[in-house]
Amino acid sequence: MGKYIIQGGKTLSGVLPVSGAKNATLPILACTLIAEGTYFLNNVPALKDVEVMIKLLEHFGLKIEKIAQNSYKIINNGLQTLEAPYELVSIMRASFLVMGPLLAHRGEARVSMPGGCAIGNRPIDIHLKGFEQLGATIKTEHGFISAKAKNLIGKEIYLDFPTVTGTENLIMAAVLSKGITILNNAAREPEVEDLGNFLNKMGAKITGLGTDRIIIEGVEKLFPCEYNIIPDRIEAGTFLILSALTGGNIVIKGVNMEHLTSFKTKLEEIGINFKINGDEVQVQADLNNFKPTNIITLPYPGFPTDLQAQTIVLLAMIKGNSEMKETIFENRFRHVPELNRMGANIKIEGNVASINGPTNFQGAEVEATDLRAGACLVIAGLISSNTTILNNIEHIERGYENLVERLQAIGAEIKKSE
Ligand code: EPU
């Protein structure tokens, strides 16, 4: 188990590039199971989660070659199995994204049931109900979920919640079905849109992407293509918070601010301004003039749950009381006790964190309990008065590419140790 050792309080300046979006890459990689041929994917982030998805694709028989730092050639010459094993699904829930493409392409799939998760129970009932509505028969046995369908038939579906991977799985299942599928109350996240754009490039007929009503007209055949993944909005948001708390001398490069509208507006409310120049963003921030605020996490275009933890560090630095209400996941405040160990004064009642600032963050030994909790503790460590030892950094490496090297390049004192 690795750890980061962070010496806080350094001045940070320079260019911090943003990687490709993890949560767009995972469904797009899974989607290469849907049609035979050769794919080229660019702007793929070098992450543990991406490695797991690649292993899963190799398990199905695909040949994957890294042809440049962030580019892959993926050859699908036919699938050797239709079963996703426990070893790979249990370490990454997003492995369940193979269900939709397998069902679409081969009419059959057996995927190990995703287990528990650090941020909540995370059921997959909406995925399964949708597959059934498209005509699949679902069975759960021996820890596996089996789905079978001779022919998937388009249907108008209402999702009980706009689940991100659920919407993606149902789009992938529906693209080769007979007739028209309409997904009402669909997820509007940019990552869902990116998957849809990828599929449209393959010959799918999907409209309404980015809205809550996605219409999929089934086609006979799909063709592999070359595709560039969108930049990671959550990574960009993480870096923007870091910059706001360290004087704003960082130029964050490769940002699509259109994907961060709610985040930008809330930060502006706090008193942070943004200088946007193409895909480069710099914040203009004076910590002494920040005002407290209340934030609620919501499905896109609402405030992203994946930036909740990092934003709590920002709120903790502001004089006065702020509130953060988490409505997406039931157990996503595990970073709060860690931040309190570093000097914050945050109380949790139900799904609301009341943050009483300002905080004089002090280095301490803390633990990353999930990916975004880990990112928030890196930020807290970098603005702390002395040394922070951050354990369980495996979580962070699932979602932030070469974080240590990139932070070192802008002057941060952070190193990895075993
Ligand atoms: N839900 C159900 N039933 C379902 C599906 C979801 O009740 O069938 C509930 C979940 O339990 C949760 C809520 O709906 O309370 C939202 O879950 P959603 O399905 O939207 O999340 P996800 O698709 O499992 C993706 C991202 C997460 C991100 C969420 C929310 C990927 C691979 N993962 O998860 O990313 O937090 O959407 O935006 O796209 C991360 O990157 O750190 C991360 C956790």
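These numbers come from the heavy atoms of this one structure, side chains and all, not from hydrogens, waters or symmetry mates. Atoms within each ligand, like the ligands themselves, are counted from 1 in listed order. Starting from 1, each residue takes its place in the sequence as its number.
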Gln282 and Ser243: CA distance, side-chain angles, deciding distance, side-chain hydrogen bond (donor to acceptor under 3.5 Å, both in side chains) verdict: CA-CA 8 Å; Gln282 245 183 307; Ser243 184; over 6 Å; no
Distance-only N or O hit between ligand 1 and Glu189, under 3.5 Å: no
Cationic N near anionic O, under 4.0 Å, Lys10 to Glu413: yes
Subset of ligand 1 atoms that lie under 4.0 Å from at least one heavy atom of Arg332: 36 (O), 42 (O), 44 (C)
Salt-bridge contact Glu191-Arg233 (side-chain N to carboxylate O under 4.0 Å): yes
Test of proximity, Leu371 against ligand 1: N or O pairs below 3.5 Å: no
N or O pair under 3.5 Å between Arg372 and ligand 1: yes
N/O donor-acceptor pairs under 3.5 Å from side chains in residues 182-190, not counting sequence neighbours:
from   : atom 1 : to     : atom 2 : distance (Å)
Asn184 : OD1    : Arg213 : NH1    : 2.9
Asn184 : ND2    : Glu156 : OE2    : 2.8
Asn185 : ND2    : Leu159 : O      : 2.8
Arg188 : NE     : Gly210 : O      : 3.1
Glu189 : OE2    : Tyr300 : N      : 3.1

Atom indices of ligand 1, in the order listed, that fall short of 4.0 Å to a heavy atom of Ile124: 4 (C), 8 (O)
Contact (N/O only, under 3.5 Å) between Asp306 and ligand 1: yes
Atoms in ligand 1 with a heavy atom of Lys22 nearer than 4.0 Å: 40 (C), 41 (O)
Distance filter under 4.0 Å to Ile328 heavy atoms, resulting ligand 1 atoms: 12 (C), 13 (C), 15 (O), 16 (C)
Lys/Arg N to Asp/Glu carboxylate O, Lys22 vs Asp306, below 4.0 Å: no
Within residues 258-272 or reaching into it, pairs that qualify as salt bridge (charged side-chain N to carboxylate O under 4.0 Å, His left out) - sequence neighbours excluded: Lys264-Glu268, Lys266-Glu269
Atom indices of ligand 1 within 4.0 angstrom of His127 heavy atoms, with elements: 8 (O)
Distance-only N or O hit between ligand 1 and Val164, under 3.5 Å: yes
Ile252, Asp279, Val281 screened by side chain to side chain contact (heavy atoms under 4.5 Å, CB included) with Met257, the one that passes: Val281
Atom pair CG/OG1 of Leu195 and Thr167 - distance to nearest 0.5 Å: 10.0 Å
Candidate with minimal heavy-atom separation from atom 6 (C) of ligand 1, of Pro123, Gly166, Gly399: Pro123
